[in-house]
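Nothing here was measured: the structure is a model prediction, and the numbers come from that model. Lettering of chains follows the sequences in order, A, B, ..., and the numbering in each one begins at 1. Only this structure's heavy atoms are used, side chains among them; waters, hydrogens and symmetry mates stay out.
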Amino acid sequence: MTAWVLHVDMDQFLAAVEILRHPELAGKPVVVGGRGDPTERAVVSTASYEAREFGIRSGMPLKTAVRKCPDAVFLPVDFPVYEAASARVMETLRAHPGAVVELLGWDEAFVGIDTDDPEVTARAIQAAVLEATQLHCSVGIGDTKVRAKVATDFGKPRGTYRLTEDNWMEVMGDRPTKALWGVGPRIAERLASLGIRTVRDLAGAPDEPLIEEFGPNTGPHIGRLGRGAGSATVDDTPWVARAHGRETTYQHNLQSPEEIAAAIRVLADQVVEDIRAEGRACMRVHLKVRFAPFFTASRIRKLDEPTYDPAVIADTALALLAKLDDDRPIRLLGVRAEMVPPEGGYDPPRSHGRRGSP
DNA sequence: TCTGGGGTCCTAGGACCC
DNA sequence: TCTGGGGTCCTAGGACCC
């Protein structure tokens, strides 16, 4: 028996859930995003495969999507329904004998499992998820988390794919560094400035220039990504939130001090609901503001005393905003409350996009 | 036609103390 | 008159992911 990492990823998750309860939408271009109104300021959360054929992608403004496919069906994001579907999926994964399940998001998880035939296990998991939820998923198989995660894309839709030390370079070597999980456009650009463009370039790069460019922790981490190396340990410790925040893009830019203050109070009230539910007080307030046309700033302030008082959080956010001293119209405001850590701290300290050692 | 909302972690640099 | 290191706390801001 060998220890394997499986990465289970639901196919077109939000769109698939919507099609389940609206079967007449099967086969049609379906776009889930915002309030389902493509004339509003909002973006695509998930596009069905049919919608993707028109060039519609996640993160794209709804207004762009409707131009690409005027006949697409636009639906609002319905969080409670997706949460329920997600819970059934994760339950199913946990029920698989010997599986250790680490959630990565609503619609994906790592599954650690000892097996001689990971493809057979992957197929069994796909069948179990389909039976329990009528939803399809793809499964990446790897000898590390990074390789399993990257492998999933080659298995989509409804398939499996295996990436290990043996075929990593053959499959990934000529691809751009951006194809790696954890390398976004900015890091890809900085790597290119070092002459590193492909995964093979990165895998062969010595640590020193990476450390110089990205720092002592991140530099070697990025190098390891190029090799597909890294942790193979799937950790099922329940995730504990560090912070809760709310942000809103306004359909019309905010201009007057009164409407700005009112908007911040609304956000602070919502944030307090969330941290009360968590039972941990706010110790630091983060303000995020996007001025029109598109300049984003963020500021943080530690509170003298942890608090659940929405007025304190709102006043702190307003003070941070005042300090920015920028009177351009505002198109987005965000208030985030960093919470007091739980007794004994975060254990183990970890996260999804974890960077650095080990 | 401008570009969501929920998160996490990392790096750098200043302030301050010993 | 010039000026060491080490450590911690805090803020600013960047980057990534789903």
On the nucleotide C:dT11, are OP1 or OP2 found under 4.0 Å from the side-chain N or O atoms that A:Arg301 carries? no
Distance-only side-chain donor-acceptor flag, A:Thr39 / A:Asp37, under 3.5 Å: yes
Below 3.5 Å is the cut-off: list the nitrogen or oxygen pairs between protein and nucleotides 12-14 of chain B, distance only.
none

Members of residues 272-290 of chain A that approach DNA chain B, where some heavy atom sits under 4.0 Å away: A:Arg290
Quick one: pull up CD1 in A:Ile313 and CG in A:Leu267 and give me the separation to the nearest 0.5 Å. 11.5 Å
Between B:dT3 and A:Thr64, is there an OP1 or OP2 to side-chain N/O distance shorter than 4.0 Å? no
Among all residues two or more places apart in sequence or in another chain, which pass the side-chain contact (heavy atoms from CB on, under 4.5 Å) test with A:Pro61? A:Thr64
Of the listed nucleotides C:dC18, B:dG4, B:dT8, the one nearest the side chain of A:Trp181: C:dC18
Should side-chain heavy atoms under 4.5 Å link Ile, Leu, Val, Met, Phe, Trp and Tyr, which residues sit in the same cluster as A:Met283? A:Val340
Are A:Asp201 and A:Leu194 side-chain neighbours, meaning at least one heavy-atom pair lies under 4.5 Å? no
Rounding to a whole Å, what distance do you find between A:Glu338:CD and B:dC9:C1'? 11 Å
How about A:Glu343: does its CD atom have over 12 heavy atoms from other parts shown lying under 6.0 Å from it? no
So, is A:His244 close to the B:dG6 phosphate, meaning a side-chain N or O under 4.0 Å from OP1 or OP2? no
Grab the CD-P distance between A:Glu108 and C:dC16 for me, whole Å please. 17 Å
Which is true for A:Ala243 with a 4.0 Å heavy-atom rule: it touches a base, it touches only sugar-phosphate, or it touches nothing? sugar-phosphate
Any side-chain N or O of A:Arg41 below 4.0 angstrom from OP1/OP2 of B:dG4? no
Do any N or O atoms from the side chain of A:Glu102 and from the backbone of A:Val234 form a donor-acceptor pair under 3.5 angstrom? no
Return no unless some side-chain N or O of A:Ser45 is found under 4.0 Å from OP1 or OP2 of B:dG4. no
With a 4.5 Å cut-off on side-chain heavy atoms, are A:Met10 and A:Val129 touching? yes
Distance, rounded to the nearest Å, where A:Ile222 contributes CD1 and B:dT11 contributes P: 9 Å
Taking N and O atoms by type only, does the side chain of A:Arg242 place a donor or acceptor under 3.5 Å from a partner on the base of B:dT8? no
Considering only side-chain heavy atoms of A:Glu247, which listed nucleotide, B:dG5, B:dT8, C:dA15, is closest? B:dG5
Contact between A:Arg246 and A:Val266 at the side-chain level, heavy atoms closer than 4.5 Å - yes or no? no
Shortest non-hydrogen separation from A:Pro118 to A:Ile141 and the atoms involved: CB-CG2, 3.6 Å
Given Watson-Crick or G-U pairs with both distances under 3.5 Å, what dot-bracket string fits DNA chain C, with | for other-strand pairs and [ ] for crossing? ....||||||||||||||
Out of B:dT1, B:dG4, C:dC18, minimum distance to the side chain of A:Thr249 belongs to B:dG4
For the side chain of A:Ile187, counting heavy atoms from C-beta on, which of B:dT11, C:dC16, B:dT8 is nearest? C:dC16
With a cut-off of less than 4.0 Å, is there a side-chain N or O of A:Lys302 near OP1 or OP2 of C:dT11? no
Can you check the A:Trp106 CH2 to B:dG4 P distance for me, whole Å? 17 Å
Using the P atoms only, state how far C:dG4 lies from B:dG14, rounded to an integer number of Å. 15 Å
Parallel under 30°, tilted from 30 to 60°, perpendicular over 60°: which one fits the rings of A:Tyr161 and A:Phe154? tilted
Residue among A:Ser48, A:Pro29, A:Cys69 satisfying side chain to side chain contact (heavy atoms under 4.5 Å, CB included) with A:Ile56: A:Cys69
Measure from CZ on A:Phe110 to P on C:dC18 and round the result to the nearest Å. 9 Å
Given atom CZ of A:Arg190 and atom C1' of B:dC10, what is their separation to the nearest angstrom? 11 Å
Take atom CD in A:Glu119; do more than 12 heavy atoms of anything else shown fall under 6.0 Å from it? yes
Base, sugar-phosphate alone, or nothing: which one does A:Gly245 contact when heavy atoms must sit under 4.0 Å apart? sugar-phosphate
Working note: A:Arg186 + A:Glu189, criterion salt bridge (charged side-chain N to carboxylate O under 4.0 Å, His left out); need CA distance, chi angles, decisive distance, verdict. CA-CA 5 Å; A:Arg186 183 62 188 135; A:Glu189 191 182 302; 2.8 Å; yes
Ring centres within less than 5.5 Å and planes less than 30° apart: is that true of A:Phe294 and B:dT3 in this structure? yes
Residues of residues 320-337 of chain A with any non-hydrogen atom less than 4.0 angstrom from an atom of DNA chain B: list those, numerically ordered, please. A:Arg331, A:Leu332, A:Arg336
Syn or anti conformation of B:dC2, syn meaning chi within 90° of 0: syn
Under 4.0 Å, counting only non-hydrogen atoms across every strand here, what does A:Pro293 touch: a base, just sugar-phosphate, or nothing? base
Counting side-chain heavy atoms from CB outward, which of C:dA15, B:dT3, B:dT1 is closest to A:Arg186? C:dA15
In terms of the nearest nucleotide of DNA chain B, which residue is placed more toward the 5' end: A:Val44 or A:Arg67? A:Arg67
Side-chain atoms of A:Thr218 come closest, of C:dC17, B:dC10, B:dG6, to B:dC10
Output the single nucleotide from B:dG6, C:dC16, B:dG5 whose closest atom is nearest the side chain of A:Thr248. B:dG5
How many whole angstroms separate atom CE of A:Met60 from atom C1' of B:dG4? 14 Å
In Å and rounded to the nearest 0.5 Å, what is the OH to OG1 distance from A:Tyr82 to A:Thr46? 7.5 Å
Please state how far atom CZ in A:Phe291 lies from atom C1' in B:dC2, giving the value in whole angstrom units. 18 Å
By the 4.0 Å heavy-atom rule, please label A:Val66 as base, sugar-phosphate, or nothing. nothing
Minimum heavy-atom separation for A:Asp116 to A:Thr2, with atom names? OD1-N, 4.1 Å
Need one value for A:Ser58: base, sugar-phosphate or nothing, where a base atom within 4.0 Å counts as base even if backbone is also close, heavy atoms only. nothing
Find the distance between SG (A:Cys137) and CD (A:Gln126) and round it off to the nearest 0.5 Å. 5.0 Å
